[in-house]
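Following: one structure in structure tokens, then a few remarks.
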Amino acid sequence: MDSNPTSIHFFTSKDALPDALVGERIAVIGYGNLGRPFALNLRDSGVSQIIVGNIADDYATQASNEGFRVMSIGEAIASSDIALILLPDEVIPESFPTDIAPNLQSGSAIVFASGYTLAYDLIQPPAGVDVLMLAPRMAGENARQRFLNNEGFFAYISVEQEASSKAWKRLLGLAQSTGILRAGALEMSALQEADIDLFIEQSMGAVLGMAMLTAFTVGVDSGLPPEAMVMEMYMDGEMEMVFRSFRDIGFFKASSVHGPTALYGGYVRIMELMQTDMYERFTNIMEHIHSGGFASDFQSERQAGYPNLTTAMEMDQGEHPISQAEAKMREMIRG
Ligand code: NDP
């Protein structure tokens, strides 16, 4: 892997030119979780020439009802100067060679909201177009809400290929008009973005998820009420405050607000857990992600009809004891 960069660039609103998108026809391809918020944010920022490209379905109807001109994906790409490809990451490799690449005009730009397909060579953008990444660190719905509240949200951005000599101008114009630069954007390559996104989900996220399920089971097996377990783990909001204090005060300094018992207990247990092979396991996960192994597995999963994803989604139909405890707790809270 590349060594750590010595400096990292952080962009804010002052880096975008006010006229960056003037005269640019923008296609939002996919009016889904992120496509809709981005299209609405761009329009509310004064970008006037927006087309939505979508397959003929409920999303297309919604875009039309919300005042956008809707076309097929291919037509929208062909009619645009900048196309934001906001399709699911595992769909882009199928759509790219048929609907997207053949319709790109020379000097136009394609923008991805995640580095995934570029990072692991799932698509090959043609020469002659700008290839940009604008990857928010925020779910689409929150990106819209924060925009409406006049707040920003963070993103990773990069120019992966420059053909027009205005790639950065376009990218920063989009970052500004979607609302990102009100908070700020870090420059990260598509490969770095994809690696970090997958790695944190699959290391820290997986351990947190496993820790919560295990703590719940051990707590209940030891006689503690399941309702109190979900209250303690997340329903009382205390853990959210812990994460908030990492952000506001600092990861280590935050312990000062949680008291000596929490600090002592956390310290000795971390020392015990450090004896396990977690570092080695995380390193293996990172290597599998970085080499494209995970992306290749996920494409095979799609081709096989998502057997593992279906199992994961079916794990809870409201029957798991943790879901039942949550439901009871919510009922009691509502009174
Ligand atoms: P969605 O699952 O919401 O789908 C987006 C659009 O793709 C929908 O209009 C959907 O229509 C369409 N679509 C799905 N399958 C196909 C297909 N086979 N052919 C053509 N169109 C299809 O995607 P997201 O908005 O979640 O993700 C879009 C991009 O944004 C991804 O790169 C993702 O990584 C990135 N991103 C997403 C965030 C989020 O909040 N979701 C946050 C940050 C980045 P339909 O379902 O009707 O087919």
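Atoms within each ligand, like the ligands themselves, are counted from 1 in listed order. Values below: all heavy atoms of this structure, side chains included; hydrogens, waters and symmetry mates excluded.
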Between [X] and ligand 1, which part of the residue brings a heavy atom under 4.0 Å of the ligand: side chain, backbone, both or neither?
X     : result
Val91 : side chain
Tyr31 : backbone
Asp58 : neither
Leu34 : both
Ile55 : side chain

Hey, does the side chain of Thr217 reach the backbone of Leu213 with a donor-acceptor pair shorter than 3.5 angstrom?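 Yes, Thr217 side chain to Leu213 backbone: donor-acceptor pair under 3.5 Å.
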
Under 3.5 Å donor-acceptor, Asn41 side chain and Thr178 backbone: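 Yes; at least one donor-acceptor contact below 3.5 Å.
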
For the ring pair Tyr267 and Tyr264, is the centre-to-centre distance below 6.0 Å? no

Taking only heavy atoms of Ala139, which atoms of ligand 1 are found under 4.0 Å from at least one of them? 40 (O)

Ligand-residue contact atoms, ligand 1 with Ser114, heavy atoms, under 4.0 Å: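 The atoms of ligand 1 under 4.0 Å from a heavy atom of Ser114 are 32 (O), 34 (O).
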
Arg137 with Asp197: basic N within carboxylate O range, under 4.0 Å: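 Yes, charged N to carboxylate O under 4.0 Å.
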
I'd like to know if Glu94 contacts ligand 1, where contact means a heavy-atom distance under 4.0 Å to any ligand atom.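 Flag not set, Glu94 not near ligand 1.
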
Specify the protein heavy atom at minimum distance from [atom]: its residue, its atom name, and the distance to 0.1 Å.
atom                    : result
atom 12 (C) of ligand 1 : Leu87 CD2, 4.0 Å
atom 33 (C) of ligand 1 : Asp89 OD2, 3.7 Å
atom 40 (O) of ligand 1 : Gly140 N, 2.7 Å
atom 44 (C) of ligand 1 : Ala113 O, 3.5 Å
atom 9 (O) of ligand 1  : Asn54 OD1, 2.8 Å
atom 42 (C) of ligand 1 : Met138 O, 3.3 Å
atom 45 (P) of ligand 1 : Asp57 OD2, 3.1 Å
atom 11 (O) of ligand 1 : Tyr59 CD1, 3.2 Å

Within the 4.5 Å heavy-atom criterion, are [X] and [Y] side-chain neighbours or not?
X      : Y      : result
Leu309 : Arg302 : no
Leu118 : Pro125 : yes
Ile180 : Phe11  : no

Who's closest to atom 13 (N) of ligand 1 heavy-atom-wise, of Pro88, Ala135, Gly115, Gly30?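 Of the listed residues, Pro88 has the closest heavy atom.
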
Looking only at non-hydrogen atoms, find the nearest pair between Pro307 and Thr311 and report the distance.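 Nearest pair, atom of Pro307 first, then Thr311: O-OG1, 2.9 Å.
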
Return the minimal non-hydrogen interatomic distance between Gly30 and Asn54, and the atom names on each side.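 Looks like CA-OD1, 3.3 Å.
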
Under 6.0 Å from the six-membered ring centre of Tyr59 and within 45° of its axis: does the NZ or CZ of Arg36 meet both?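 No - Arg36 does not lie over the ring of Tyr59 by the 6.0 Å and 45° rule.
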
Quick check with a 6.0 Å cut-off and a 45 degree axis cone: is Arg182 positioned over the face of Phe147's six-membered ring?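 Geometry flag: set, cation within 6.0 Å and 45°.
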
Going by distance only, is there an N or O of Asn33 that falls short of 3.5 Å from an N or O of ligand 1? yes

